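Before any comments, here is the structure.
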There are 2 protein chains.
Amino acid sequence: METLSLPPQATQVGLAVDVAAFAMHAGELRVLLVQRGELPHARTWALPGGFVQVGEALHEAALRELGTETTVKLEPRHLEQFYTFGEVNRDPRGRIVSVAHLAVLPHGTVEVAGGGHTLGAAWFPAHTPPTLAFDHAAILDRAIKRLQLRLEYANLALEFLPDTFTLPELQGVYEAILNRPLDKRNFRKRLLAQSILVASGERRSGVGRPAQLYRRAKGTRTAAL
Amino acid sequence: METLSLPPQATQVGLAVDVAAFAMHAGELRVLLVQRGELPHARTWALPGGFVQVGEALHEAALRELGTETTVKLEPRHLEQFYTFGEVNRDPRGRIVSVAHLAVLPHGTVEVAGGGHTLGAAWFPAHTPPTLAFDHAAILDRAIKRLQLRLEYANLALEFLPDTFTLPELQGVYEAILNRPLDKRNFRKRLLAQSILVASGERRSGVGRPAQLYRRAKGTRTAAL
DNA sequence: TCAAAAGTGTTGTTTGTACACCCATGT
DNA sequence: ACATGGGTGTACAAACAACACTTTTGA
């Protein structure tokens with residue numbers, strides 16, 4: 001297929017991916033950050049990311065960066081590109097355009113460690129992140145907005161939880177992402193009306209009254225736009 | 001600012017923009033296409049597009065391509081990127097990633113002619129386009145979906161019309177974009193309830209009963225997400 | 001028996017949708 | 001007078017928002 005050649009001006013702009021990967025920890029929405037080990041912005045926190053390889057699809061590059069910049073293998077339940085950041089001076093190394101991705105990691109994804117070019121990796125509160133390198137604060141901002149949008153109509157909240165979960169847990173995910181409290185009765189009414197949840201009959205022991213366990217009904221996984 | 005250098009693997013992927021530019025003609029939603037003058041896909045129709053230059057923002061590249069691939073200067077009322085297409089084999093010349101943009105051209109933008117590398121430019125029905133080069137059919141498809149989404153909550157329909165317009169004209173824009181008829185009474189109720197339209201008192205002569213003219217209320221232009 | 005968390009209904013408001021006739025003008 | 005397109009209101013259904021007490025368990 002390489003019968004025609006790329007014109008020279010086609011290869012002067014660098015193409016990267018950055019990934020805003022979210023998970024729930026301690027009832028809070030957290031985002032995965034890596035501490036840069038190289039200039040520019042050495043020692044500051046940043047979204048995991050890197051350059052797209054020639055034979056690699058964009059989502060593959062995003063997955064690879066999630067895997068190599070952190071030691072533990074991460075298997076996102078959801079991955080979608082949401083915006084492409086191309087300001088001319090967003091990176092001091094030259095003209096680099098970044099296709100930003102949103103990832104959702106399932107419950108239990110806790111241990112992460114730096115790998116590759118990074119000094120470390122850790123989870124941070126998504127709504128109150130530390131100072132970030134490059135334009136990553138803007139990228140994170142937009143990622144959260146997209147996540148909030150998706151929540152409303154693509155059952156994305158379930159991807160944060162294990163296979164079985166209680167309604168209060170699910171409501172906690174919604175509240176953590178939307179960053180505001182929700183009414184318990186209206187929440188239950190709305191969710192159950194969608195009939196994407198089925199009670200698994202069991203109950204989970206805890207401090208107060210045990211909660212009904214639910215799981216997602218078969219065939220109700222909605223594809224991302 | 002060029003104190004740090006781009007790593008070599010950063011420059012192996014070509015970055016382009018493609019633009020789906022829409023306008024209303026004869027009560028129909030039309031999209032601007034150019035006929036390619038070069039391989040690959042010589043003589044087939046395609047969305048206007050081309051490579052991003054080093055010192056150029058993405059939206060500037062989109063505007064430039066709109067201007068150089070057509071002779072008449074086009075001044076879009078709305079321009080936003082909506083998705084980045086990066087399939088590995090989408091272009092036989094090599095690895096080229098395209099940031100796709102959606103543009104809305106105002107009423108009266110009729111004459112276009114080929115320029116640059118193209119054999120010609122013309123408007124085509126957006127819902128029934130001819131065979132398109134590369135993956136441009138998929139890009140156009142997604143552009144129309146985005147346009148339909150925007151319509152619902154970003155008053156984008158007004159950008160297709162001149163400063164003053166009648167409600168039946170506005171309804172025609174909605175129907176052309178959504179590709180389905182709307183109820184006249186409900187449409188008027190909904191639009192007037194938003195109070196973004198003010199009657200300009202005048203009337204326009206035509207065949208039947210004259211229609212009330214409206215214009216957009218000041219300060220009601222909503223920024224694109 | 002107390003603390004802690006789960007569960008449950010009703011009411012009013014807003015939003016959306018279906019639907020048919022009269023009005024103002026030009027010919 | 002008639003043809004052409006513009007303009008108007010109501011009734012039902014669905015979705016959404018506010019709001020407080022009872023139930024089940026473990027300690």
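Because the structure is predicted, anything quoted here is derived from the model rather than measured. Here is how names work: the chains are called A, B, and so on, in the same order as the sequence lines, proteins then strands, and each is numbered from 1.
Judged by atom type and distance alone, A:Arg204 does not reach the base of C:dA6 through any side-chain donor-acceptor pair under 3.5 Å. At a cut-off of 3.5 angstrom, counting only N and O atoms as typed in the model, there is a donor on one side and an acceptor on the other between the side-chain of B:Arg185 and the base of C:dA20.
Taking atom CD of residue A:Gln212 and atom C1' of nucleotide D:dT23, one finds them 14 Å apart after rounding to whole Å. D:dA15 atom P lies 11 Å from atom CD of A:Gln194, rounded to whole Å. Here D:dT24 presents its C1' atom at 15 Å from CG of A:Leu213, a figure rounded to the nearest Å. The CD atom of B:Gln171 sits 12 Å away from the C1' atom of D:dG5 (whole-angstrom rounding). Separating the CG atom of A:Asp183 from the C1' atom of C:dT10 is a distance of 13 Å, rounded to the nearest angstrom. The distance between atom CG of B:Leu191 and atom P of D:dT8, rounded to the nearest whole Å, is 14 Å. In this structure, the CG atom of A:Asn186 is 9 Å from the C1' atom of D:dC19, given to the nearest Å. The separation between A:Arg190 atom CZ and C:dG7 atom C1' is 18 Å, rounded to whole Å.
Note: B:His136 and B:Phe134 have tilted aromatic rings, judged against thresholds of 30 and 60 degrees for the angle between ring planes.
In this structure, B:Arg188 reaches the D:dG7 phosphate: one of its side-chain N or O atoms is under 4.0 Å from OP1 or OP2.
With D:dT4, D:dG6, C:dT8 as the candidates, the nucleotide lying closest to the side chain of A:Lys184 is C:dT8.
Ring pair B:Tyr214/B:Phe165: centre-to-centre distance not below 6.0 Å.
Distance check, rounded to the nearest 0.5 Å: CG of A:Leu158 to OG1 of A:Thr220 gives 7.5 Å.
Residue B:Thr166 is the one, among B:Thr166 and B:Lys189, whose nearest nucleotide of DNA chain D lies closer to the 5' end (criterion: closest heavy atom). Nearer the 5' end of DNA chain C, as judged by each residue's closest nucleotide, is the contact made by A:Val207, out of A:Val207 and A:Leu167.
Residues B:Ile96 and B:Val13 have side chains not in contact (no heavy-atom distance under 4.5 Å, counting atoms from C-beta outward).
With a 6.0 Å cutoff to the six-membered ring centre and a 45° limit on the axis angle, A:Arg146 does not count as a cation-pi contact of A:Phe82.
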